[in-house]
K.L.:
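I am attaching a structure below and will ask some questions about it afterwards.
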Protein chains: 2
Amino acid sequence: MSDSRRTAPDLDETDLALLEQVEADFDVNLETIADELDLSKSAVHYRLNKLKEEGVIQGITADVDPLALGLELTAITDVMVAHERGYSEDIGENLLALSGVEQVYYTMGDVDFVAVSRVQTRDQLNDLIDRIVAIDGVNETSSKFVLGEFENDRAVSSNLTSEAREAVLDGDGSS
Amino acid sequence: MSDSRRTAPDLDETDLALLEQVEADFDVNLETIADELDLSKSAVHYRLNKLKEEGVIQGITADVDPLALGLELTAITDVMVAHERGYSEDIGENLLALSGVEQVYYTMGDVDFVAVSRVQTRDQLNDLIDRIVAIDGVNETSSKFVLGEFENDRAVSSNLTSEAREAVLDGDGSS
DNA sequence: AATGAAATCGACCAGCA
DNA sequence: TGCTGGTCGATTTCATT
């Protein structure tokens with residue numbers, strides 16, 4: 001389960017602007033970013049390091065196009081489990097461990113888990129659903145086929161409501 | 001809608017291994033990767049460039065921890081729309097445009113869209129759902145609260161079944 | 001597709017506001 | 001604490017094979 005970081009660091013507007021930049025594209029000169037933000041290269045570097053150390057930036061990664069690997073079929077599977085025990089964590093891990101499963105959410109309500117999967121062929125999809133059902137504790141599943149995706153490029157920082165932005169900037173200042 | 005690339009490039013095992021590396025962590029020396037793959041730095045660089053040009057690598061980005069921005073509440077919302085027209089695309093865009101919405105899937109079945117959202121407070125969540133319902137064409141929604149996430153770090157390349165790996169490596173060789 | 005050399009960029013340091 | 005400017009090592013680029 002994601003259980004990242006304890007300390008909520010307070011960020012200023014420059015940090016937010018920087019995050020928006022690098023969350024969209026890190027494959028540029030530091031100088032380009034520096035110009036954009038009216039900062040020196042060193043200052044950008046300094047802030048980036050801090051953000052990494054604080055865990056705000058969890059990592060720098062390459063984004064791979066699933067279609068380029070032939071993963072043309074996407075499905076969303078609702079998973080219902082037998083509710084007796086505290087096995088939720090295990091079942092979540094088991095779901096995620098299945099190859100093809102990209103993301104697993106543990107949810108409140110009638111549905112216990114939502115899994116997003118990508119595969120190449122209908123056979124693989126069939127097989128994957130079989131493997132989900134075979135997990136110990138899984139009672140029932142219901143899958144939706146994904147016809148299209150609208151993606152935000154995962155831009156967390158550029159996707160805040162104005163209230164949310166303010167709340168981020170209102171650090172408690174206790175550092 | 002994601003409609004990325006036309007040409008399905010054929011990749012070899014080195015490309016796949018390289019993708020797995022950089023998809024997990026790009027914040028390292030090229031030499032580290034080169035050592036890992038028994039290649040020269042230049043060769044690594046050459047292949048990375050090719051992968052970027054081919055669109056296999058869509059970009060290099062910083063991954064920001066939503067929790068660090070106070071986005072502690074995640075919801076998955078099923079959206080049902082009025083089915084008369086071909087407005088699906090518009091509705092998808094409208095959903096994604098709402099701040100707080102991170103990802104939108106267009107699905108087959110009883111549910112037409114699935115939206116994943118992140119916000120800081122219950123008020124923001126309430127407000128977001130109101131804004132979803134207010135979109136023209138949206139009929140009904142049903143939301144699940146997310147208690148936990150199991151994430152694959154979005155590692156597309158390291159998440160292939162053995163069949164899928166083989167299918168990727170069986171390029172048609174037409175380049 | 002891969003190499004090595006030349007130009008460029010980023011990481012780090014000491015010092016400063 | 002956050003930033004500056006400069007240095008050195010690393011990376012990108014390009015001509016060459």
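Proteins come first, then strands; the chains are lettered A, B, ... in the order of their sequence lines, and each starts at number 1.
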K.L.:
What is the separation between atom CG on A:Asp12 and atom C1' on D:dC3, rounded to the nearest whole Å?
P.N.:
13 Å

K.L.:
Out of B:Leu11, B:Asp15, B:Asp12, which one pairs with B:Val168 under the side chain to side chain contact (heavy atoms under 4.5 Å, CB included) rule?
P.N.:
B:Leu11

K.L.:
Give the rounded distance in Å between these two atoms: CG of A:Asp35 and P of C:dC9.
P.N.:
11 Å

K.L.:
How many Å lie between CZ on B:Phe26 and C1' on C:dG10, as a whole number?
P.N.:
14 Å

K.L.:
Of all heavy-atom pairs between B:Ala75 and B:Leu125, which one has the smallest distance, and what is that distance?
P.N.:
CB-CD1, 3.8 Å

K.L.:
Does D:dA10 have OP1 or OP2 under 4.0 Å away from a side-chain N or O of B:Asn29?
P.N.:
no

K.L.:
Could you check how far CD1 of A:Ile33 sits from C1' of C:dC9, rounded to whole Å?
P.N.:
12 Å

K.L.:
Pair A:Glu149, A:Arg118 - check salt bridge (charged side-chain N to carboxylate O under 4.0 Å, His left out), show working.
P.N.:
CA-CA 12 Å; A:Glu149 293 177 60; A:Arg118 286 183 202 280; 2.8 Å; yes

K.L.:
Hey, what's the ring geometry for A:Phe150 with B:Phe113, parallel, tilted or perpendicular (30° and 60° as the breaks)?
P.N.:
tilted

K.L.:
Based on the rotation axes of five pairs at each end, what angle does the helix from C:dA1-D:dT17 to C:dA17-D:dT1 bend through, to 10°?
P.N.:
40°

K.L.:
Distance check needed: C:dC9 C1' versus A:Leu48 CG, whole Å only.
P.N.:
14 Å

K.L.:
Which part of the nucleic acid, if any, lies within contact of B:Val44, taking any heavy atom under 4.0 Å across all strands shown: a base, the sugar-phosphate backbone alone, or nothing?
P.N.:
nothing

K.L.:
Where is the tightest heavy-atom contact between A:Leu16 and A:Leu160, given as atom of each residue plus distance?
P.N.:
CD2-CD1, 4.3 Å

K.L.:
Is there side-chain contact between A:Val79 and A:Asp112, with at least one heavy-atom pair below 4.5 Å?
P.N.:
no

K.L.:
A:Leu51 CG to D:dG2 C1': how many Å, rounded?
P.N.:
13 Å

K.L.:
Under 6.0 Å from the CG atom of A:Asp110, do we count more than 12 heavy atoms belonging to anything else shown?
P.N.:
no

K.L.:
Sort and list the pairs that fulfil side chain to side chain donor-acceptor pair (under 3.5 Å) and have at least one residue in residues 19-28 of chain A, not counting sequence neighbours.
P.N.:
A:Glu20-A:Arg165, A:Glu23-A:Ser157, A:Asp27-B:Lys52

K.L.:
Restricting both atoms to N or O, compile the protein contacts to nucleotides 11-17 of chain C shorter than 3.5 Å, with distance only.
P.N.:
from   : atom 1 : to      : atom 2 : distance (Å)
C:dA11 : OP2    : A:His45 : ND1    : 2.7

K.L.:
What is the distance, to the nearest angstrom, from the CD atom on A:Glu53 to the C1' atom on D:dG2?
P.N.:
14 Å

K.L.:
Using atom CD of B:Glu31 as one end and atom P of C:dG10 as the other, report the distance to the nearest whole Å.
P.N.:
18 Å

K.L.:
For salt bridge (charged side-chain N to carboxylate O under 4.0 Å, His left out), just list the numbers for A:Lys144 and A:Asp78, CA-CA rounded to whole Å, side-chain angles, deciding distance to a tenth of an Å, and then say yes or no.
P.N.:
CA-CA 8 Å; A:Lys144 294 185 260 293; A:Asp78 291 345; 3.4 Å; yes

K.L.:
Look at the side-chain N and O atoms of A:Arg47 and state whether any lies under 4.0 Å from the OP1 or OP2 oxygen of D:dT1.
P.N.:
no

K.L.:
With a 4.0 Å limit, can you tell me whether B:Tyr46 has a side-chain N or O closer than that to the phosphate oxygens OP1/OP2 of C:dA2?
P.N.:
no

